[in-house]
Engineer: 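The following block contains the structure, expressed as structure tokens.
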Amino acid sequence: MTAALLDGRAIATRIEASIRTEVETLRTVVGRVPRLVVVLVGDNAASASYVKSKAAAAARVGVDAEVVPMPASASTAELVALVTSIAADERGPADGILVQLPLPGHVDAQAVLDAVPPDRDVDGFHPENAGLLSQGRPRFVPCTAAGVQRMLLDADVETAGRRVVIVGRSDIVGKPLALLLTNKGPGGDATVTICHSRSSDLPAITREADILVAAAGRPRLITAAMVKPGATVIDVGINRVDGRLVGDVDFDGVRGVAGRISPVPGGVGPLTVAMLLANTVLAAELRLGRR
Ligand code: NDP
């Protein structure tokens, strides 16, 4: 068997086209486009490249994006003050505010994230948005988790009643994704298991998955022997190995066993960015009372 490819770039292109139309409608009806402000602290090359992709995608759909660079030496208090001033619209309307992670080690990241008001929290990290998701009434869903669900929906992968195994329990990927896939409705109703570094006999658990999501940040952790034949395998991982980007899945090996597989790059990454744009438009529409 050779798994079919889940082409995140193609799905993201279609999502961007529909977002572009929504942005144009806002421009016509309310006279302005959604605005996203991104805070980028320090000079982490990966963060800079993610922010560049987000700004480029915003430009493609007509969302106004501003990147606010801050030195790596910025203190927690300075970053909280910056986010607070952005939220007060002191740099112009800020429908969405995003603080690119990771922040330097001396910064209290939670304090900075908590300064983002829940109605501008397009990353979906605020406790209020996490709570809404856990109650099955999502507002801003963390972009990567939303992107994975969108990928499954787009490929008509049935989730209802299926066994999903997610490797990784972070607040930004594993946990919100587990909630999304467990909640009732399209793209949900799955039976979800979350694994982490303390899970014992990981291969025995992953082999039970109809849908296996790897979000561990460990290059090629998931091998062919860990995959049930015909399963759908979604690779969230982004790892730099010898100057190349690789996922958490041994793509070449697993492709021979799985039914569908997402590549790295070109899988979940573009969908994460598309979901950020969707959240930004949603934030603007909620703010303008249009939803
Ligand atoms: P974290 O480091 O926050 O979480 C990783 C999780 O994987 C943890 O729960 C950890 O367990 C678990 N884990 C690590 N090693 C193993 C192992 N050997 N067996 C089982 N579980 C393991 O990472 P993130 O959630 O932030 O990101 C995960 C990956 O996804 C990274 O590669 C990241 O770059 C990528 N990513 C990709 C995005 C995209 O757009 N495609 C967006 C965001 C992230 P424990 O909790 O016990 O430590």
Side-chain angles (χ1 to χ4, degrees), residues 6-9 11-12 15-16 38 44-57 98-103 105 109-110 113 122-125 130 133 140-152 164-181 192-209 212-223 225-227 233-241 244-251 254 261-279:
L6 295 165
D7 184 347
R9 282 202 189 102
I11 306 168
I15 296 170
E16 283 188 11
V38 180
N44 178 314
S47 293
S49 129
Y50 295 143
V51 167
K52 204 171 152 195
S53 309
K54 290 169 185 177
L98 182 158
V99 179
Q100 183 66 41
L101 299 177
L103 292 174
Q110 199 61 63
L113 291 178
V122 286
D123 253 342
F125 295 162
L133 173 60
F140 299 116
V141 175
C143 304
T144 304
V148 171
Q149 186 186 46
R150 190 65 174 260
M151 181 176 258
L152 294 170
V164 175
V165 173
I166 300 169
V167 184
R169 59 175 162 183
S170 73
D171 290 339
I172 67 170
V173 188
K175 274 194 251 169
L177 179 59
L179 288 168
L180 268 185
L181 299 180
V192 179
T193 302
I194 306 182
C195 301
H196 44 78
S197 66
R198 306 292 300 273
S199 298
S200 51
D201 201 355
L202 186 65
I205 305 170
T206 58
R207 271 196 301 269
E208 291 186 358
L212 176 60
V213 182
R218 296 282 178 272
R220 303 191 182 100
L221 172 71
I222 305 297
T223 60
M226 297 168 75
V227 175
V233 179
I234 310 266
D235 192 352
V236 175
I238 300 179
N239 309 290
R240 283 175 172 77
V241 177
R244 276 185 60 216
L245 282 189
V246 301
D248 288 352
V249 174
D250 172 20
F251 184 86
V254 171
I261 188 169
S262 73
V264 176
V268 175
L271 282 169
T272 298
V273 177
M275 292 298 121
L276 171 65
L277 301 175
N279 277 350

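Remember, it's 1-based here, ligands and their atoms both numbered in the order they're listed. Note that the structure is predicted; figures quoted are calculated from it, not measured.
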Engineer: Could you tell me the residue and atom name of the protein heavy atom closest to atom 20 (C) of ligand 1, and the distance to it rounded to 0.1 Å?
Structural biologist: His196 O, 3.2 Å
Engineer: Report yes if some heavy atom in the side chain of Asp248 is under 4.5 Å from a heavy atom in the side chain of Val167; otherwise report no.
Structural biologist: no
Engineer: Yes or no on side-chain contact (heavy atoms from CB on, under 4.5 Å) for Ile15 and Leu271, after CA distance, side-chain angles and deciding distance?
Structural biologist: CA-CA 9 Å; Ile15 296 170; Leu271 282 169; 3.6 Å; yes
Engineer: Quick check: do Val249 and Arg220 have side-chain heavy atoms less than 4.5 Å from each other?
Structural biologist: no
Engineer: For ligand 1 and Val173, I'd like to know whether there is a polar contact (N/O to N/O, distance under 3.5 Å).
Structural biologist: no
Engineer: Evaluate the side-chain proximity of Met275 to Pro142: yes if any heavy-atom separation is below 4.5 Å, no if none is.
Structural biologist: no
Engineer: For a 4.5 angstrom cut-off between non-hydrogen side-chain atoms, does Leu177 reach Val236?
Structural biologist: no
Engineer: Say whether, by atom type as modelled, one donor and one acceptor occur between the side chain of Ser170 and the main chain of Val173 under 3.5 angstrom.
Structural biologist: yes
Engineer: Heavy-atom contacts with Val167 under 4.0 Å: which atoms of ligand 1 show up? List them by number with element.
Structural biologist: 20 (C), 21 (N)
Engineer: If I compare all heavy atoms of Leu6 with all of Met151, which pair ends up nearest, and what's the gap?
Structural biologist: O-CE, 3.8 Å
Engineer: Taking all non-hydrogen atoms of both residues into account, name the closest pair between Val268 and Ser262 and its distance.
Structural biologist: CG2-OG, 4.3 Å
Engineer: Under 4.0 Å from a heavy atom of Gly269: which atoms of ligand 1 are those, numbered in the order shown and with their elements?
Structural biologist: 40 (O), 41 (N)
Engineer: Tell me the protein heavy atom at minimum distance from atom 17 (C) of ligand 1, and give that distance in Å.
Structural biologist: Leu221 CD2, 3.9 Å
Engineer: If we set the cut-off at 4.0 Å for heavy atoms, which region of Leu271 has an atom near ligand 1: side chain, backbone, both, or neither?
Structural biologist: neither
Engineer: Which ligand 1 atoms, with their elements, are less than 4.0 angstrom from a heavy-atom of Gly217?
Structural biologist: 28 (C), 29 (C), 31 (C), 32 (O)
Engineer: Heavy atom under 4.0 Å from ligand 1: found in Arg169's side chain, backbone, both, or neither?
Structural biologist: both
Engineer: Are the side chains of Leu152 and Ile234 in contact, using a 4.5 Å heavy-atom criterion?
Structural biologist: yes
Engineer: Name the closest protein heavy atom to atom 6 (C) of ligand 1, giving the residue it belongs to and the distance to 0.1 Å.
Structural biologist: Gly168 CA, 3.5 Å
Engineer: Which residue and non-hydrogen atom of the protein lie closest to atom 48 (O) of ligand 1, and at what distance in Å?
Structural biologist: Ser197 OG, 3.6 Å
Engineer: Counting from 1, what ligand 1 atoms have a heavy atom of Ile172 closer than 4.0 Å?
Structural biologist: 26 (O)
Engineer: Identify the closest protein heavy atom to atom 19 (N) of ligand 1: which residue and atom is it, and at what distance?
Structural biologist: Leu202 CD2, 3.8 Å
Engineer: Under 3.5 Å between some N or O of ligand 1 and some N or O of Ser170?
Structural biologist: yes
Engineer: Taking side chain as C-beta onward, heavy atoms only, is Val38 less than 4.5 Å from Lys54?
Structural biologist: no
Engineer: Which one holds for Ile238 and ligand 1: side chain close, backbone close, both close, or neither close, with close meaning a heavy atom under 4.0 Å?
Structural biologist: both
Engineer: At their closest point, which heavy atom of Ile205 faces which heavy atom of Cys195, and how far apart are they?
Structural biologist: CG2-SG, 3.7 Å
Engineer: Run the contact test for Ala215 against ligand 1 with a 4.0 Å cut-off on heavy atoms, strictly below, and give the result.
Structural biologist: yes
Engineer: Return the closest protein heavy atom for atom 13 (N) of ligand 1 as residue, atom name and distance.
Structural biologist: Ala216 CB, 3.8 Å
Engineer: Hey, is Ser199 one of the residues with a heavy atom under 4.0 angstrom from ligand 1?
Structural biologist: no
Engineer: Are Asp235 and Ile261 side-chain neighbours, meaning at least one heavy-atom pair lies under 4.5 Å?
Structural biologist: no
Engineer: Quick one: are Pro203 and Asp201 in side-chain contact, heavy atoms under 4.5 Å?
Structural biologist: yes
Engineer: What protein heavy atom lies closest to atom 42 (C) of ligand 1? Include the residue and the distance to one decimal.
Structural biologist: Thr144 OG1, 3.1 Å
Engineer: If you measure every N or O of Asp248 against every N or O of ligand 1, does any of those distances drop under 3.5 Å?
Structural biologist: no
Engineer: For ligand 1, note which part of Val236 has a heavy atom under 4.0 Å away: side chain, backbone, both or neither.
Structural biologist: both
Engineer: Relative to the heavy atoms of Asn239, which atoms of ligand 1 are at a distance of less than 4.0 Å?
Structural biologist: 32 (O)
Engineer: Quick one, Asp123 with Cys143, criterion side-chain contact (heavy atoms from CB on, under 4.5 Å). Give me CA distance, side-chain angles, the key distance, then yes/no.
Structural biologist: CA-CA 6 Å; Asp123 253 342; Cys143 304; 3.9 Å; yes
Engineer: Would you mind checking which non-hydrogen protein atom is closest to atom 40 (O) of ligand 1, with the distance to 0.1 Å?
Structural biologist: Thr272 OG1, 2.8 Å
Engineer: Strictly less than 4.0 Å: does any protein heavy-atom distance to atom 2 (O) of ligand 1 fall in that range?
Structural biologist: no
